[in-house]
Amino acid sequence: MESSVSAVLDIPSDRPSDHSTPGHGSPESRAVTQDGDVVLLVPASSPAAQLAEHAAGDEVTAVMEITDVAPVAVPQRIRGRAWIAGWLTAVRPEERAGYARLIAERNPAGPSADVAWVLLRLEVGEAYVDDLWGAEHVEPDDFAAASPDPLAPHEAELLQHLAASHHEQMNMLCTLLSERGPACAAAEARAVPLSVDRFGMRVRFCDIPVDGDACAGSKGEGDGHGSAVYGYFDVRFEFPEPVADVAQLRSAMRILFESAAG
């Protein structure tokens, strides 16, 4: 199972009825410039490219929806969605080389050589995020000022490794819970790493009986196992200090697991 962060570009003035063709609603790759604009790589034959080309300098209103799906098996795998609305234009010839390098850094494998590609720019007018932390609007200046998390390129691999190779240590994290700890341990809850960033890790404790105290306030519906119904809840474990890379993450995880082991 791999990480799945997908983006769909919607142009209200020309909504295609068929989104199944790659690139006709989904950019092949995307990156954010220092100014906070979003650069998109799309097929030259896509509606977005055609509209931007024929706009003759005019701006085309567009909305990009991004969906973030957990790279591990958990109930309710969607971790968040974001919507970025703004104005779409074709990248000017003098800017193409620089933006092409930016896209190449984001997607080193490169796009298919069998397709003609063009670069578009989405100037951000407003953004909205609904994720594990809550829902809120994001101003364009805040969007431009945001910096990527250093663990983001490695997150999927890290979570999959923790889930596959450290499941016993993950399950021991029940001991760090206060009110929910005893019930969590008694139910032999399955602890799955849901997300990790430089500040900490979010864990989803699964397979908890819904009628048990540990599931009070659990989010969503439980999974059915025979006649019993099971739920889950999330817990955020903060690191003592932000980590800058994978090496520092290993150290922070070792401290967390040692604390859980007592």
Side-chain angles (χ1 to χ4, degrees), residues 1-8 26-41 64-74 76-84 86 99 101-109 122 124 126-166 169-170 173 191-204 219 234-257:
M1 187 176 300
E2 298 180 356
S3 176
S4 178
V5 179
S6 61
V8 176
S26 302
E28 175 71 12
S29 187
R30 61 196 182 278
V32 180
T33 70
Q34 292 183 346
D35 296 330
D37 294 336
V38 182
V39 181
L40 307 172
L41 182 68
M64 183 169 63
E65 178 180 352
I66 300 173
T67 303
D68 176 23
V69 181
V72 291
V74 289
Q76 304 294 336
R77 285 187 61 206
I78 294 180
R79 301 190 299 186
R81 287 189 171 92
W83 294 264
I84 302 174
Y99 287 166
R101 287 193 295 270
L102 190 62
I103 287 287
E105 292 173 1
R106 177 67 176 81
N107 183 21
L122 179 64
V124 178
E126 61 177 338
Y128 184 80
V129 177
D130 185 358
D131 61 12
L132 299 171
W133 285 263
E136 64 177 327
H137 288 276
V138 180
E139 295 297 328
D141 289 344
D142 294 331
F143 181 87
S147 59
D149 191 275
L151 298 183
H154 316 287
E155 188 198 23
E157 182 180 358
L158 291 168
L159 294 178
Q160 291 165 359
H161 173 74
L162 286 169
S165 303
H166 297 275
Q169 291 167 296
M170 290 295 304
L173 294 177
V192 184
L194 181 63
S195 66
V196 64
D197 55 60
R198 62 183 179 271
F199 299 110
M201 176 175 64
R202 186 181 295 269
V203 176
R204 180 157 291 172
K219 299 190 297 182
D234 293 354
V235 176
R236 172 83 176 178
F237 295 94
E238 300 291 339
F239 298 143
E241 59 185 21
V243 301
D245 51 36
V246 174
Q248 291 185 12
L249 173 66
R250 292 194 185 100
S251 178
M253 292 302 302
R254 183 171 59 254
I255 294 172
L256 180 62
F257 286 151

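For this chain, numbers begin at 1 and follow the sequence in order.
Smallest separation of non-hydrogen atoms from A252 and F239: CB-CD2, 3.8 Å. Closest of all the heavy-atom pairs between R30 and R106 is O-CG, 3.1 Å. Closest approach of E155 to S195, counting heavy atoms only: OE2-CA, 3.3 Å. Across every non-hydrogen atom of A144 and G36, the tightest pair is CB-CA, 3.7 Å. Of all heavy-atom pairs spanning V243 and P150, the tightest one is O-CG, 3.9 Å. For the residue pair L159 and L194, the shortest heavy atom distance occurs at CD1-O, 3.4 Å.
Counting heavy atoms from C-beta outward, L173 and F257 have side chains that approach closer than 4.5 Å.
Distance check: L132 CG to D68 CG gives 8.0 Å after rounding to the nearest 0.5 Å. Within the model, atoms CZ of R202 and CD of E238 stand 9.0 Å from one another, a figure rounded to the nearest 0.5 Å. The structure places CG of L162 at 7.5 Å from CG of L249, a figure rounded to the nearest 0.5 Å. Taken from CZ in R79 to CH2 in W133, the straight-line distance is 7.5 Å, to the nearest 0.5 Å. Atom CE of M253 is separated from atom CE of M170 by 6.0 Å, given to the nearest 0.5 angstrom. Taking NE2 of H166 as the start and NE2 of H161 as the end, the distance is 3.0 Å to the nearest 0.5 Å.
Between D149 and R198, at least one side-chain N (NZ, or NE/NH1/NH2) sits under 4.0 Å from a carboxylate O, which counts as a salt bridge. Comment: D197 engages R236 in a salt bridge, judged by a side-chain N to carboxylate O separation of less than 4.0 angstrom.
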CA sep, side-chain torsions, deciding dist, call: V8, T67, side chain to side chain contact (heavy atoms under 4.5 Å, CB included): CA-CA 9 Å; V8 176; T67 303; over 6 Å; no
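The main-chain N or O of A70 is found under 3.5 Å from a side-chain atom of R77 such that the two form a donor-acceptor pair. Side-chain atoms of D245 come within 3.5 Å of backbone atoms of A247 as a donor-acceptor pair (strictly under, hydrogens ignored). In terms of modelled atom types and a separation under 3.5 Å, the side chain of S26 and the main chain of A7 share a donor-acceptor contact. Panel note: side chain E126, backbone H137; no donor-acceptor pair is recorded below 3.5 Å. The main-chain N or O of L41 is never found under 3.5 Å from a side-chain atom of E28 such that the two would form a donor-acceptor pair.
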